[in-house]
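Just the heavy atoms: all of them, side chains too, but no hydrogens, waters or symmetry mates, feed the values below. What you are looking at is a predicted structure, and each value in this text was computed from that prediction instead of being measured. This chain uses plain numbering: 1 for the first residue, then up along the sequence.
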Amino acid sequence: TIDDGMYNLIFAEPHNLKVGQRIYVEQDEGNTHSDYDGWTQVAYIYNDYIISTDKPRLDGATGNEGGFIYVESYFDSLFN
């Protein structure tokens, strides 16, 4: 278990993300903390399957909750 105090994401397949990259999190219906949904930034990469975001982890265990990650397009990244 990685406990850095931040919202971490675990992927079933290699994520191919980079530190600083903006991603959009959309959790499945019935999630524990809807505050995790929305834009966030990759803050740290532990390995090919686990990243840490720039959002702090909220109180209470969430376990494994499914969802989708959308990557910001290169075009959009030019204007942020």
Side-chain angles (χ1 to χ4, degrees):
T1 301
I2 297 170
D3 188 6
D4 62 1
M6 303 306 283
Y7 175 49
N8 296 320
L9 299 173
I10 301 172
F11 297 84
E13 298 180 15
H15 53 69
N16 297 316
L17 298 171
K18 296 180 174 89
V19 170
Q21 192 169 11
R22 283 175 35 94
I23 57 174
Y24 189 89
V25 176
E26 183 180 328
Q27 299 177 89
D28 290 343
E29 193 74 27
N31 60 69
T32 305
H33 294 298
S34 60
D35 290 343
Y36 291 145
D37 289 341
W39 287 105
T40 188
Q41 194 168 21
V42 178
Y44 187 81
I45 295 175
Y46 289 99
N47 57 43
D48 290 342
Y49 299 90
I50 303 172
I51 67 164
S52 181
T53 70
D54 63 351
K55 289 187 177 184
R57 188 178 61 244
L58 301 174
D59 290 337
T62 57
N64 294 327
E65 296 186 354
F68 295 92
I69 300 295
Y70 302 95
V71 179
E72 182 178 48
S73 73
Y74 173 73
F75 180 79
D76 288 341
S77 71
L78 295 175
F79 298 100
N80 286 324

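- A chain of hydrophobic side-chain contacts below 4.5 Å, direct or via other Ile, Leu, Val, Met, Phe, Trp or Tyr residues, connects I69 to V19.
- T53 has its side chain out of reach of V42: every pair of non-hydrogen atoms, C-beta onward, lies at least 4.5 Å apart.
- Here the side chain of Q27 pairs a donor or acceptor atom with the backbone of H33 at under 3.5 angstrom.
- Taking each heavy atom of M6 and S52 in turn, the nearest pair found is CB-OG, 3.4 Å.
- Rounding to the nearest 0.5 angstrom, the gap separating the CG atom in L9 from the CG atom in L17 is 8.5 Å.
- Considering all non-hydrogen atoms of both residues, D54 and A43 come closest at N-CB, 4.0 Å.
- I51 contributes atom CD1, which lies 4.0 Å from atom CD1 of I23 (distance to the nearest 0.5 angstrom).
- Closest of all the heavy-atom pairs between Y36 and V25 is O-CB, 3.6 Å.
- Listed for the K55 side chain is no donor-acceptor partner under 3.5 Å among the backbone atoms of Y7.
- Contact of the N16 side chain with the V71 side chain is not registered, since no non-hydrogen atoms from C-beta on lie closer than 4.5 Å.
- Residues F68 and D28 approach most closely at CE1-OD1, 4.3 Å, considering heavy atoms.
- Of the possible polar contacts, one joining the H15 side chain to the N47 backbone as a donor-acceptor pair under 3.5 Å is found.
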